[in-house]
Amino acid sequence: MKYLVTGAAGFLGANLCQRLLNDGHQVIGLDNYHSGSQANIVALKKHPQFSFIEHDIIKPYDIPCDVLCNLACPASPPHYQKDPIYTLKISVIGTLHALENAERYKALVLHTSTSEIYGDPLVHPQPESYLGNVNLVGPRACYDEGKRAAETLCADYTRLGKVDARLVRIFNTYGPCMRDDDGRVVTNFIKQALAGKALTVYGAGQQTRSFCYVDDLIEGFIRVLALPENVGPINLGNPHEFTMLELAAEVQRLVGSKLPLQFEPMPIDDPMQRQPNISKAKKYLHGWEPKVQLAEGLEKTIAFFRAQK
Ligand code: UDP
């Protein structure tokens, strides 16, 4: 099968491409390095079944494929807020172009949405039926509302019978191939701990996130694509919740140094709690659930960053 992966140079894109190549598929990666890393593509290019096209998805493209995985979008808050108008264009116009290309070639689509579509949730944990609590004019809205509109496009293309677009809502994920400057909590803590610096905790560190190791997430993608029919959006993430203080303690333990914590202001609209309800994934994806424990996943991620230094 021929897969087209937008955002191939990004963290999830690179991991997905590698998994598809391991499974024996032909993969075309598309990226313009807006937030992806050239190093990820250099590693993928060593595989004979991989080819790469440098392209900005807000411009249309025409690339034959059997399956189109739409992953292109900056996803860490500092990156997507740096150029908010471009972020919105990537989500909305980029997804439209993905759907147009898929319709042309009758390709199956996997569109990666996000737990951010739930905003600062008032329902906990979040099931797919929860419609969210997003501040539509806040600094996160360029991403949250862009991703919500992208889901709408996918749902309408599917309803109209133009394309079969499968939607996954990704909760916090971490692992090798993340950018060390992506500004997310896992990368910040690891980078700071490896440099022997204080760990920056925003607010009191009592806010929670549930962290999924990337291999578990990619397995979820593969199972969604293998479903005999479209079952609507599916949450993919780890239901095990940690506070940022617990995460800091775990990183310190694994790196082997007790570093001070530096408390900084809580960012605007930063959700206090986020945890997926994964009943739907378990039901439709043959009992899918994350297998990799936080300590094991963090160890692999720390090893990746140590090797980068
Ligand atoms: N955070 C933190 N220290 C950091 C970076 C982030 O305490 O150096 C917090 C942030 O305020 C948020 C949580 O960690 O509550 C997760 O942030 P991240 O940027 O990783 O992803 P988000 O889930 O907010 O998209």
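For ligands, and for the atoms within them, numbers begin at 1 and follow the listed sequence.
- Evaluated by nearest non-hydrogen atom to atom 13 (C) of ligand 1, the leading choice among Gln262, His79, Met244, Lys191 is Met244.
- With ligand atoms numbered from 1 in the order given, ligand 1 contributes 25 (O) to contacts under 4.0 Å with heavy atoms of Glu116.
- The single protein non-hydrogen atom nearest to atom 3 (N) of ligand 1 is Thr200 O, 2.7 Å, given as residue, atom name and distance.
- Near Val201, with a cut-off below 4.0 Å to any heavy atom, the atoms of ligand 1 are 7 (O).
- Protein heavy atom closest to atom 16 (C) of ligand 1, with residue, atom name and distance, is Arg209 NE, 3.6 Å.
- In terms of protein heavy-atom proximity, atom 9 (C) of ligand 1 is nearest to Gln207 NE2, 3.7 Å.
- Aromatic ring orientation, Tyr213 versus Tyr174: perpendicular (interplanar angle above 60°, classes split at 30° and 60°).
- No side-chain N or O of Asn238 forms a donor-acceptor pair with one of Ser210 less than 3.5 Å apart.
- Gln192 does not count as a contact of ligand 1, since none of its heavy atoms falls under 4.0 Å from the ligand.
- Counting heavy atoms closer than 4.0 Å to ligand 1, residue Arg184 contributes atoms from both its backbone and its side chain.
- Tyr130 and Asn235 form no side-chain donor-acceptor contact under 3.5 Å, judged by distance and modelled atom types alone.
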* List the steps, then state whether salt bridge (Lys or Arg N to Asp or Glu O under 4.0 Å) holds for Glu100 with Arg104. => CA-CA 6 Å; Glu100 285 172 352; Arg104 192 175 303 126; 5.1 Å; no

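- At a cut-off of 3.5 Å, with distance as the only test, a side-chain donor of His124 or Gln126 sits close to an acceptor on the other residue.
- In this structure, a donor-acceptor pair under 3.5 Å is present between the side chains of Thr200 and Gln192.
- Residue-level proximity to ligand 1 for Asn172 is carried by the side chain, the only part with a heavy atom below 4.0 angstrom.
- At a heavy-atom distance under 4.0 Å, atoms from both the backbone and the side chain of Val185 approach ligand 1.
- Close approach of ligand 1 to Asn188 is summarised as follows: ligand atoms under 4.0 Å from at least one heavy atom of the residue are 4 (C), 5 (C), 8 (O).
- Within the 4.0 Å heavy-atom criterion, neither part of Ser76 lies near ligand 1.
- Within a 6.0 Å radius of CD1 in Ile85, other residues, nucleotides and ligands contribute 12 heavy atoms or fewer.
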* Step by step, would you call Arg148 with Asp144 a salt bridge (Lys or Arg N to Asp or Glu O under 4.0 Å)? -> CA-CA 6 Å; Arg148 288 171 70 94; Asp144 302 6; over 6 Å; no

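- Counting heavy atoms only, Arg140 comes closest to atom 24 (O) of ligand 1 of the residues Glu264, Gln273, Arg140.
- When the options Glu128, Glu116, Glu151 are evaluated for a salt bridge (Lys or Arg N to Asp or Glu O under 4.0 Å) with Arg169, the one that passes is Glu151.
- Donor-acceptor pairing under 3.5 Å is recorded for the side chains of Tyr105 and Asp62.
- The protein non-hydrogen atom at the shortest distance from atom 10 (C) of ligand 1 is Asp270 OD2, 3.3 Å.
- Nearest protein neighbour of atom 5 (C) of ligand 1, counting heavy atoms only, is Tyr202 CE1, 3.3 Å.
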